[in-house]
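What follows is a short report on a single structure.
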Amino acid sequence: MKKRMLRIAALVMAATMTMSFAACGGGSSETSSNGDAQDTADAADDTADDSAADAADDSSADAADDSAADSSDDGDKVITYWNIGTEGADKEALEYAVTEFNANTQSGYTVENVPTQNDNYKEKLVIAMSSGECPDMYTSWSGGPMNEYIESGFAQPLDDLYEEYGLKDKYMDAAIAQATYDGKIYAVPTYNVSIAGVFYNKEMFEKYNLEVPTTVSELEAVCDALKAEGITPFALANAPKWTGSMYFQCLATRKGGLEPFQNAVSGEGTFEDECFQYAGEKIQEWVEKGYFPEGVNSLSEDDGQAKQLMYQETAGMLLCGSWYTGTFSSDSPEFYEKIGWFSFPAVDGSDADASIQNGTIGDQFVSFNCTGDKLAAAFECASYYSSDGAKQVMVDVGKIPPTKDAGELITDGVTKQILDAATNASSVQLWYDQYLPPAVAQVHLDTCQEMFGLTMKPDEAGTKFEEAMEEYLAGK
């Protein structure tokens with residue numbers, strides 16, 4: 001009991017620290033994080049004291065232990081489903097399965113859809129888990145947090161149901177790998193292939209005779225040209241921190257490839273490596289040159305303050321996940337006609353593989369806190385995400401289904417370009433703040449935001465990042 005409560009306490013502390021993590025999570029089978037949740041829980045044993053366990057009501061813990069068994073009671077025919085589909089393309093894609101299930105199921109169950117805005121969602125989910133009130137179905141971004149949920153007992157293995165519905169034949173291998181932990185499948189991918197890339201205003205580029213950059217030096221030349229015209233080069237709202245983390249991750253990956261990050265995570269390397277130092281130095285150089293909006297760390301992504309700069313045409317580019325195709329096309333089909341996309345450019349002089357992408361193959365993943373008939377019905381609902389109708393909805397709102405036949409469905413030029421980049425990537429590295437254990441991820445997000453604010457130098461950030469990783473590894 002004590003160990004379980006310490007694990008839940010660690011989850012609560014992580015949620016309290018992180019009001020938001022990345023908006024996505026995913027990766028290739030080479031880079032997906034499938035084994036660290038138990039270690040994070042063991043580290044929590046050393047950092048969470050007995051008071052954290054005593055403060056949690058034992059009856060709440062018992063309720064969490066018993067909730068899966070109780071959920072299949074004949075009197076309980078409502079399946080509660082939490083997700084982030086509050087508006088726009090996310091709402092349309094995530095609601096589809098619920099609507100279809102409720103209209104067609106013969107199970108006797110009904111799914112109640114409960115969406116929550118992105119930046120509040122994770123905290124709400126983990127606090128619910130801590131009180132034994134985890135919903136029957138919920139989405140997450142996979143990676144380290146999903147593994148924590150599994151280790152805390154709030155997800156069920158789904159291999160038999162995958163076999164029953166033939167989902168292994170439908171989903172991309174990388175998507176299934178991202179849904180897998182310790183050799184078993186614990187989640188169903190939902191609606192998107194999301195990788196980091198740069199959206200840009202094609203009309204603006206044409207007006208100022210700008211070419212799509214293939215190197216960082218060429219990207220900086222574009223930024224300088226836009227600045228000379230009174231245009232902010234990059235639209236960025238970095239209050240949630242994960243948005244700025246994308247710049248750090250893309251720069252580090254283009255400078256050093258995947259090996260420095262993988263070695264730092266395993267303890268064989270360090271987050272003081274030159275590729276991370278380079279990323280921090282570039283960020284601060286770009287801040288000082290005015291490549292980002294004034295007050296960037298106070299701007300809200302959820303409130304749309306980054307995309308508004310694009311719509312107002314006061315910014316020329318936006319680096320973010322490829323879900324923005326759906327955002328732009330849903331908000332304004334006319335503006336979307338102006339949008340182009342390119343993969344983050346290569347670092348001049350680096351031999352790192354520039355085909356590597358950063359992001360997720362699956363975006364949101366549904367896990368299940370129920371068993372028996374209720375689990376069967378909930379999984380039936382989630383299976384609609386791989387149906388022909390769902391895939392068409394995804395394509396219509398600018399999403400890329402994480403299914404093997406996605407290429408046959410995509411006609412939009414920008415979306416196809418993104419799919420090609422993901423398909424041709426030698427690897428897809430999961431977002432740092434989802435791959436890392438929660439406590440280490442939080443240090444990364446905090447130090448990264450401070451670098452954008454010019455309140456911490458890159459070498460100081462690297463030292464703090466490395467110390468957090470070493471502390472975590474020491475507790476294993």
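The residues of the chain are indexed from 1 along the displayed sequence.
- Listed by first then second residue, pairs satisfying salt bridge (charged side-chain N to carboxylate O under 4.0 Å, His left out) with a partner in residues 321-338 read E203-K338, K307-D331, E313-K338, not counting sequence neighbours.
- Side-chain atoms of S355 come within 3.5 Å of backbone N or O of S426 as a donor-acceptor pair.
- Under the side chain to side chain contact (heavy atoms under 4.5 Å, CB included) criterion, Q308 pairs with Y311, Q312, sequence neighbours left out.
- K464 and T447 share no donor-acceptor pair across their side chains, judged by distance under 3.5 Å alone.
- For Q117, the CD atom counts as densely surrounded, since its 6.0 Å shell holds more than 12 non-hydrogen atoms of other residues, nucleotides or ligands.
- Put simply, the side chain of T215 never gets that close to the backbone of D348: no donor and acceptor are under 3.5 Å apart.
- The two residues P189 and G362 come nearest to each other via the heavy atoms CB-CA, 4.2 Å.
- Remark: the backbone N or O of G398 is paired with a side-chain donor or acceptor of T325 at under 3.5 angstrom.
- Between P145 and S140, the closest side-chain pair of non-hydrogen atoms is not below 4.5 Å.
- When all heavy atoms of G85 and P115 are compared, the pair lying nearest together is O-CB, 3.4 Å.
- Between A93 and Y385 the shortest heavy-atom distance is O-CE2, 3.4 Å.
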Distance-only criterion, 3.5 Å: show the donor-acceptor pairs between side-chain atoms of residues 450-457 and protein atoms not counting sequence neighbours.
from, atom 1, to, atom 2, distance (Å)
E450, OE1, T455, OG1, 3.0
T455, OG1, E450, O, 3.2

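- The minimum heavy-atom distance linking E211 with V222 is given by the pair O-CG2, 3.7 Å.
- Listed by chain and number, the residues in a salt bridge (Lys or Arg N to Asp or Glu O under 4.0 Å) with K404 are D173 (sequence neighbours excluded).
- Residues passing the side chain to side chain contact (heavy atoms under 4.5 Å, CB included) test with A187, sequence neighbours excluded: M146, A179, F365, S367.
- Taking the side chain as every heavy atom from C-beta outward, Y121 and T86 never approach each other to under 4.5 Å.
- Of the possible polar contacts, one joining the Q449 side chain to the N238 backbone as a donor-acceptor pair under 3.5 Å is found.
- Remark: the backbone N or O of G316 is not paired with any side-chain donor or acceptor of N201 at under 3.5 angstrom.
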- Task: Let me see the working for Y291 and D224 under side chain to side chain donor-acceptor pair (under 3.5 Å), right down to the final yes or no.
- Result: CA-CA 8 Å; Y291 288 1; D224 292 337; 2.6 Å; yes

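- Judged by distance alone, the side chain of Q305 and the main-chain N or O of S300 form a donor-acceptor pair under 3.5 Å.
- Listed by first then second residue, pairs satisfying salt bridge (charged side-chain N to carboxylate O under 4.0 Å, His left out) with a partner in residues 279-291 read E220-K282, K282-E285, E285-K289, not counting sequence neighbours.
- Residue S266 holds its OG atom at 10.5 Å from CZ of F261, rounded to the nearest 0.5 Å.
- In this structure, I339 and M310 have side chains that are in contact, with non-hydrogen atoms separated by less than 4.5 Å.
- Remark: Q249 engages T253, N358, Q429, W431, Y432 in a side chain to side chain contact (heavy atoms under 4.5 Å, CB included) (not counting sequence neighbours).
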### Message
For a side chain to side chain contact (heavy atoms under 4.5 Å, CB included) check, start with the C-alpha distance between V397 and Y96, then their side-chain angles and the critical distance, and finish with the verdict.
### Response
CA-CA 12 Å; V397 297; Y96 179 86; over 6 Å; no

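- Side chains of L236 and P293 form a contact here, defined as non-hydrogen atoms less than 4.5 Å apart.
- In this structure, the separation between CD1 on I361 and CG on N192 is 9.0 Å, given to the nearest 0.5 Å.
- Legend: residues meeting salt bridge (Lys or Arg N to Asp or Glu O under 4.0 Å) with K91, ordered by chain and number and at least two apart, are E95.
- In E229, the CD atom is crowded: over 12 heavy atoms of neighbouring residues, nucleotides or ligands sit closer than 6.0 Å.
- In this structure, the separation between CG on L94 and NZ on K399 is 8.0 Å, given to the nearest 0.5 Å.
- With sequence neighbours excluded, no residue forms a side chain to side chain contact (heavy atoms under 4.5 Å, CB included) with E294.
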* Could you walk me through whether H444 and F271 pass the ring pair (Phe, Tyr, Trp, His ring centres under 6.0 Å) check? -> CA-CA 10 Å; H444 160 61; F271 281 114; 8.0 Å; no

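- The environment of N424 atom CG is dense: over 12 non-hydrogen atoms of other residues, nucleotides or ligands sit within 6.0 angstrom.
- Applying the salt bridge (charged side-chain N to carboxylate O under 4.0 Å, His left out) test to residues at least two apart or on different chains, the pairs with a partner in residues 379-398 are D388-K391, K391-D405.
- Between I185 and K168 the shortest side-chain heavy-atom distance falls below 4.5 Å.
- Expressed to the nearest 0.5 Å, how far CD1 of I356 lies from CD1 of I195 amounts to 12.5 Å.
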* **side chain to side chain contact (heavy atoms under 4.5 Å, CB included) assessment of E218 paired with T214** => CA-CA 7 Å; E218 291 176 1; T214 59; 2.9 Å; yes

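- Using a distance-only test at 3.5 Å, with no hydrogens or angles considered, no donor-acceptor pair links the side chain of E301 to the main chain of P240.
- The shortest distance between side-chain heavy atoms of Y191 and T139 does not fall below 4.5 Å.
- For the salt bridge (charged side-chain N to carboxylate O under 4.0 Å, His left out) condition, no pair includes a residue of residues 254-280, sequence neighbours left out.
- In this structure, the separation between OG on S387 and CD on E100 is 6.5 Å, given to the nearest 0.5 Å.
- Between the side chains of D433 and S245, no donor-acceptor pair is found at a separation under 3.5 Å.
- Below 30°, between 30° and 60°, or above 60°: for Y384 and F101 the angle between ring planes is above 60°, a perpendicular geometry.
- Interatomic distance, CZ of F248 versus SG of C448, reported as 6.0 Å (0.5 Å rounding).
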Just do the side chain to side chain contact (heavy atoms under 4.5 Å, CB included) check on Y171 and V188 with the steps written out, would you?
-> CA-CA 9 Å; Y171 283 111; V188 176; 3.6 Å; yes

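- For the pair Y138 (side chain) and N369 (backbone), a donor-acceptor distance under 3.5 Å is absent.
- Judged by distance alone, with hydrogens and angles left aside, the side-chain atoms of S322 form a donor-acceptor pair with the main-chain N or O of V193 at under 3.5 Å.
- Applying the ring-ring contact (aromatic ring centres under 6.0 Å, His included) rule to pairs touching residues 215-237 yields F234-Y247, F234-W286, F234-F292, sequence neighbours excluded.
- With S329 contributing its side chain and Y336 its backbone, the two residues share no donor-acceptor pair below 3.5 Å.
- Between L226 and T232, every side-chain heavy-atom pair lies at or beyond the 4.5 Å cut-off.
- Annotation: side chain of Q156 is not in contact with side chain of L161 (no heavy-atom distance under 4.5 Å).
- Here Y149 and Y186 keep their ring centres 6.0 angstrom or further from each other.
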